[in-house]
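Each chain gets a letter, A, B and so on, in the order its sequence line appears, and its residues count up from 1.
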2 protein chains.
Amino acid sequence: MSTATNLSRAAGDAAVSDTEVRIRTAAIVLFAERGYAATGIRDIAGAAGITTAAIYHHFANKEELLVDIIRVGQQALNERTARSLEGVERPEQRLALLISGLVATHGINRMSALVGDTELRALTPDAPAYRELVQLRDDYEALWSRTLRDGASEGVFEFAAERSTRLGLLTMCTGISRWYRPGGELDLASLCAHFTDLGLAAVRARRGRRPVRAAAVTLVDPATVPRIPGEPEEEAA
Amino acid sequence: MSTATNLSRAAGDAAVSDTEVRIRTAAIVLFAERGYAATGIRDIAGAAGITTAAIYHHFANKEELLVDIIRVGQQALNERTARSLEGVERPEQRLALLISGLVATHGINRMSALVGDTELRALTPDAPAYRELVQLRDDYEALWSRTLRDGASEGVFEFAAERSTRLGLLTMCTGISRWYRPGGELDLASLCAHFTDLGLAAVRARRGRRPVRAAAVTLVDPATVPRIPGEPEEEAA
DNA sequence: GTCTATACCTTGATAGAC
DNA sequence: GTCTATCAAGGTATAGAC
């Protein structure tokens with residue numbers, strides 16, 4: 001559990017108090033393990049070492065706690081990804097950054113990413129927060145769409161249908177938050193490379209006659225991906 | 001909603017009453033949309049057009065209802081898959097049957113498959129039912145393991161790590177239950193072919209110098225996959 | 001086999017003292 | 001900023017009539 005101070009929010013400079021980080025950690029861990037609906041406000045308070053009433057000093061209610069966790073993670077991913085793609089035009093290089101960046105994020109921020117990928121359905125669909133989060137996710141996926149379409153029209157990629165290819169690759173990457181643990185078969189940087197290679201192969205990426213492999217492109221280094229406030233550091237198994 | 005009688009359980013011959021099918025349908029739809037924990041027994045009763053007390057005549061409790069839905073679907077998948085692989089030795093043909101069979105099942109039994117893929121965590125981990133379901137899932141995944149390892153050792157497949165390759169491909173296939181709907185970009189048979197092609201490409205399947213494509217192998221026809229009792233028929237969008 | 005009625009527990013959230 | 005104490009609502013499950 002982190003005891004660092006002066007952590008900053010992804011979208012601003014507001015400091016996050018130590019108690020607030022402990023609440024976030026408790027919520028992230030429990031939402032990831034049992035799901036939002038199966039987690040009680042008392043479970044969160046107990047894991048954070050405070051009472052339920054204290055939670056309401058930091059967050060308006062349980063739903064806002066969930067929204068905050070998802071938003072911080074999604075905004076961080078969107079900003080890092082947009083920055084990594086700046087000035088990069090070749091579709092195979094863009095796809096490699098998209099895949100390795102997504103895998104890196106789901107390895108570093110494993111639990112909060114899992115919550116973001118599975119608990120949108122817990123939010124009231126007409127709440128403004130829901131719209132905002134769906135918009136952020138759509139903005140992110142648009143980067144994938146554009147890359148896949150460009151690659152296909154340039155003859156660098158070859159696949160039958162953009163939407164199902166995109167969703168298949170996205171699901172494959174986000175799915176690692178359900179089974180990856182530090183200290184397993186592969187370290188995270190190797191996993192980024194491996195999945196990039198699988199993805200490039202899946203769309204049959206090539207330059208001229210030569211298939212493009214992960215070793216020939218630049219990847220996102222997971223060591224450069226920061227943990228969001230509250231995301232626990234997992235021990236190697 | 002199906003009104004057929006004489007439906008049979010996957011693992012036996014016991015008839016399923018009309019009311020029981022309506023309960024199953026209500027539970028499958030609500031568990032898939034909101035999750036098990038967020039679904040109340042009153043919600044299920046209301047959707048099935050009965051009272052909560054009547055549910056307890058057909059199922060011992062809410063957990064048993066979930067277990068039953070997951071078990072029937074997993075057993076059906078395991079049996080169909082084992083049958084389709086009988087006598088098939090070539091790894092690329094086995095992988096094609098595994099992928100197309102899994103995609104077909106997740107298209108036909110979309111909602112119950114989604115429940116099976118996401119709600120195991122709702123069960124008490126030391127309950128016998130939990131152990132049984134995990135065992136069934138492990139039996140299924142062992143078919144994938146064996147196929148991938150055989151293909152790699154025969155030089156037909158090429159990938160960096162068996163476990164992450166297997167989990168990546170599995171997640172890609174099971175993920176379609178989160179976004180596929182009848183009447184979309186591709187019909188289900190085309191989706192089976194497309195994902196088989198993505199999977200064969202991802203492991204760089206080849207015979208001699210030639211890449212193996214989905215068009216060169218036999219696939220599972222989704223029209224041969226039966227709906228489990230209670231799985232709703234979805235309208236084309 | 002389904003109903004009405006209800007028991008009993010846990011839930012998210014709040015009031016007000018310190 | 002955190003606590004104790006508490007509330008109203010909703011949760012699962014059951015008893016017993018028909």
In this structure, how many angstroms lie between the P atom of D:dG1 and the CD1 atom of A:Ile50, rounded?
12 Å

Classify the nucleic acid contact of B:Thr19 as base, sugar-phosphate or nothing, counting any heavy atom under 4.0 Å across all strands shown.
sugar-phosphate

Contact between A:Tyr140 and A:Leu77 at the side-chain level, heavy atoms closer than 4.5 Å - yes or no?
yes

Salt bridge between A:Arg121 and B:Glu33, side-chain N to carboxylate O under 4.0 Å?
no

Between A:Arg24 and A:Asp68, does any NZ, NE, NH1 or NH2 come within less than 4.0 Å of an OD or OE carboxylate oxygen?
yes

Could you give the CZ-to-C1' distance, from A:Arg22 to D:dT2, as a whole number of Å?
11 Å

Could you tell me if B:Glu231 and B:Thr25 have a donor-acceptor pair between their side chains, going purely by distance under 3.5 Å?
no

Interatomic distance where CZ belongs to A:Phe59 and P belongs to D:dG1 [whole Å]:
13 Å

To the nearest Å, how far apart are A:Ile55 CD1 and D:dC3 P?
10 Å

Under 3.5 Å, side chain of A:Ser100 to main-chain N/O of A:Val220, donor-acceptor pair present?
yes

Rounded to whole Å, the CG-P distance (B:Leu66 to D:dT12) equals 13 Å

Going by atom type alone, with no hydrogens or angles, which donor-acceptor pairs under 3.5 Å involve a side-chain atom of residues 40-57 of chain B and a protein atom two or more places apart or on another chain?
| from | atom 1 | to | atom 2 | distance (Å) |
| --- | --- | --- | --- | --- |
| B:Asp43 | OD2 | B:Arg34 | NH1 | 3.3 |
| B:Asp43 | OD2 | B:Gly40 | N | 2.8 |

Can you give one letter per nucleotide of nucleotides 4-18 of chain C, going 5' to 3': B for a protein heavy atom under 4.0 Å from the base, S for sugar-phosphate only, - for none?
B------BBBBB---

Write down the distance between CD1 (A:Ile23) and C1' (D:dC3), rounded to a whole number of angstrom.
14 Å

Distance test, side-chain N/O of A:His57 to OP1/OP2 of D:dT2, below 4.0 Å
no

